[in-house]
Amino acid sequence: MQVLVVGRGGREHALCWKVARSEHVETVYCAPGNGGISLHAECVPIREDDTPGLLDFALSKKIGLVVIGPEDPLCAGLADRFRAAGVAVFGPSREGAEIEGSKAFCRDLCRRHHIPGPQAWTFSDLGKALGFLESHRDEKLVVKASGLAAGKGVMICEDYDEARKAVADCLEGGAFGGAGETVVIEEFLQGDEVSMLALTDGRTIVPLESARDHKAAFDGNLGPNTGGMGAISPAPAANPRTLKQVESQILVQAVHGLVQEGRQYQGVLYAGLMVTPLGPRVLEYNCRFGDPETQPLVMRMKSDLVPLLDATARGQLMDLSSGPEWDSRPSACVVAVADDYPKEYRKGHRITGLEDCGQDDDLVVFHSGTERRPDGIFYSAGGRVLSVTAVGKTVKAAVERCYEALDIIQFSGIRFRTDIGK
Ligand code: AMP
Ligand code: GLY
């Protein structure tokens with residue numbers, strides 16, 4: 001089969017790497033891909049938002065399965081277009097993807113279907129939002145831009161003044177543009193975070209192993225939120241009891257809710273959770289694989305991923321004889337970023353050491369944002385540049401393997417967290 005992966009980040013590199021290992025696959029294409037992806041897939045220069053271009057390509061190459069990586073094209077309805085053209089596609093409909101595209105919708109869905117989460121309030125009117133804050137002066141709150149903001153639209157507010165500023169920045173100052181025209185204000189929850197991803201075709205759910213993301217820019221969970229600075233799998237807080245609760249109260253419940261409300265969902269449902277003393281609570285749902293969670297997850301997955309993706313896309317998950325098999329060893333991913341990421345950052349720095357850092361089956365450097373120039377040399381081309389990922393006997397061993405590689409890999413301004421998994 002020919003497979004087309006849509007996207008250009010570390011998640012898509014991990015997906016292409018895994019898909020390319022499948023015995024069912026002849027060629028993997030990636031649109032548009034990146035420098036590192038070109039080692040495992042044929043990159044085609046079609047942007048994620050060029051729907052007609054992607055559709056023409058898929059039809060002309062007789063693509064048997066399209067896998068859509070990022071949220072923007074899903075929220076724009078790309079999966080619907082492929083489905084309408086008769087192409088099997090892994091990714092929810094535009095209406096299904098709204099679970100990520102609108103945090104206001106997501107909170108309403110949770111309310112309607114009794115899914116446990118923080119208390120949450122939605123506002124589009126500045127006066128009403130400020131009035132609400134006035135009457136909740138002493139509470140620690142989280143302010144979220146409702147729309148898509150590349151993981152950066154969440155502000156944990158230490159006090160009333162910070163909450164006022166966050167709300168005003170969104171509703172008055174135009175921070176996050178249209179995505180910030182509605183805000184969701186949430187009760188701040190304390191606990192341990194877990195990311196749980198499940199494949200679903202709308203009828204059957206196949207949960208994957210758990211993972212733990214590290215979203216803050218700096219060590220000690222300090223600094224602004226980023227797309228993700230590193231991840232480990234499994235998540236330390238994911239004990240069997242919690243996982244059971246997550247599956248029944250949070251994953252099954254959301255899929256039922258979406259389907260009951262007529263929203264088609266064939267892809268991966270990602271639940272970002274806070275495990276509190278009262279049980280797991282939903283911080284967010286995403287309509288796609290997590291980045292960087294996918295990198296450590298695919299390295300632990302022993303089964304062929306393609307039959308799982310294909311069965312999801314065709315609504316045949318129920319027919320699979322078994323779920324995925326996993327390496328019992330844990331894995332870790334450390335993301336190397338450019339200087340000032342997530343603020344403005346510079347690109348175009350030459351990357352060295354990739355050939356000398358000892359990559360093998362247990363250590364893979366996925367590329368999050370690189371370009372491979374005709375001389376074969378890699379240059380940085382994004383804020384997140386590399387996702388160094390390893391499997392080890394323990395989380396500590398996996399993380400150490402990543403840091404050993406990062407001792408060798410260099411580019412001007414390279415920065416990474418030194419406390420992943422601690
Ligand atoms: P989100 O994109 O909604 O998952 O939020 C990004 C990060 O902000 C999460 O991974 C948490 O670390 C934090 N966060 C979001 N919502 C809350 C909340 N209600 N209480 C505490 N922390 C939160
Ligand atoms: N790692 C968080 C996300 O993919 O949204």
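Whatever order the structure lists them in is the order used to number ligands and atoms, beginning at 1.
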Does the ring center of [X] lie less than 6.0 Å from the ring center of [Y]?
| X | Y | answer |
| --- | --- | --- |
| Phe378 | His367 | yes |
| Phe289 | Phe90 | yes |
| His13 | Phe366 | yes |

Is the NE2 atom of His24 crowded by more than 12 outside heavy atoms at less than 6.0 Å? yes
Tyr160 and side-chain contact (heavy atoms from CB on, under 4.5 Å): which partner among Lys165, Glu134, Glu139? Glu134
In Thr182, Val143, Val183, the residue satisfying side-chain contact (heavy atoms from CB on, under 4.5 Å) with Phe123 is Val183
To which protein heavy atom is [atom] closest, and what is the distance rounded to 0.1 Å?
| atom | result |
| --- | --- |
| atom 7 (C) of ligand 1 | Asn225 ND2, 3.6 Å |
| atom 5 (O) of ligand 1 | Val154 CG2, 3.5 Å |
| atom 10 (O) of ligand 1 | Glu193 OE1, 2.6 Å |
| atom 2 (O) of ligand 1 | Glu284 OE1, 3.1 Å |
| atom 16 (N) of ligand 1 | Lys144 NZ, 2.9 Å |
| atom 13 (C) of ligand 1 | Ile156 CD1, 3.6 Å |
| atom 17 (C) of ligand 1 | Leu283 CD2, 3.6 Å |

Taking only heavy atoms of [X] into account, list the atoms of ligand 1 that are under 4.0 Å away from them.
| X | result |
| --- | --- |
| Met274 | 21 (C), 22 (N) |
| Lys215 | 4 (O), 6 (C), 7 (C), 10 (O) |
| Phe188 | 20 (N), 21 (C), 22 (N) |
| Glu187 | 18 (C), 19 (N), 20 (N) |

Check each atom of ligand 2 against the heavy atoms of [X] and keep those under 4.0 Å away; list them by number with element.
| X | answer |
| --- | --- |
| Gly227 | 1 (N), 2 (C) |
| Gly290 | 4 (O) |
| Tyr270 | 1 (N), 2 (C), 3 (C) |
| Glu293 | 1 (N), 2 (C), 4 (O) |
| Asn286 | 3 (C), 5 (O) |
| Pro292 | 1 (N) |
| Arg288 | 3 (C), 4 (O), 5 (O) |

N/O to N/O below 3.5 Å, does that happen between Lys215 and ligand 2? no
Any N/O of Glu284 closer than 3.5 Å to an N/O of ligand 2? no
Can you tell if the side chain of Val67 reaches within under 4.5 Å of the side chain of Leu4, non-hydrogen atoms only? no
With heavy atoms and a 4.0 Å threshold, my read on which part of Phe289 contacts ligand 2 is neither
Enter the distance from Lys302:NZ to Arg300:CZ here, rounded to the nearest 0.5 Å. 10.0 Å
Check step by step if side-chain contact (heavy atoms from CB on, under 4.5 Å) holds for Leu297 and Leu197. CA-CA 10 Å; Leu297 281 174; Leu197 284 69; 4.3 Å; yes
If you take all heavy atoms of Val6 and Glu48, which pair is closest and at what distance? CG1-CG, 3.9 Å
Could you tell me whether the side chain of Arg8 and the main chain of Ile37 form a donor-acceptor pair under 3.5 Å? no
Check: Ala338 main-chain N/O paired with Arg346 side-chain donor or acceptor under 3.5 Å: no
Any N or O on Leu189 sitting closer than 3.5 Å to an N or O of ligand 1? yes
Pairing donors with acceptors under 3.5 angstrom, does anything connect the side chains of His113 and His256? no
Polar side chain donor-acceptor pair, Ser195 to Asp213, under 3.5 angstrom: no
Any Lys103 heavy atom less than 4.0 Å from ligand 1: yes
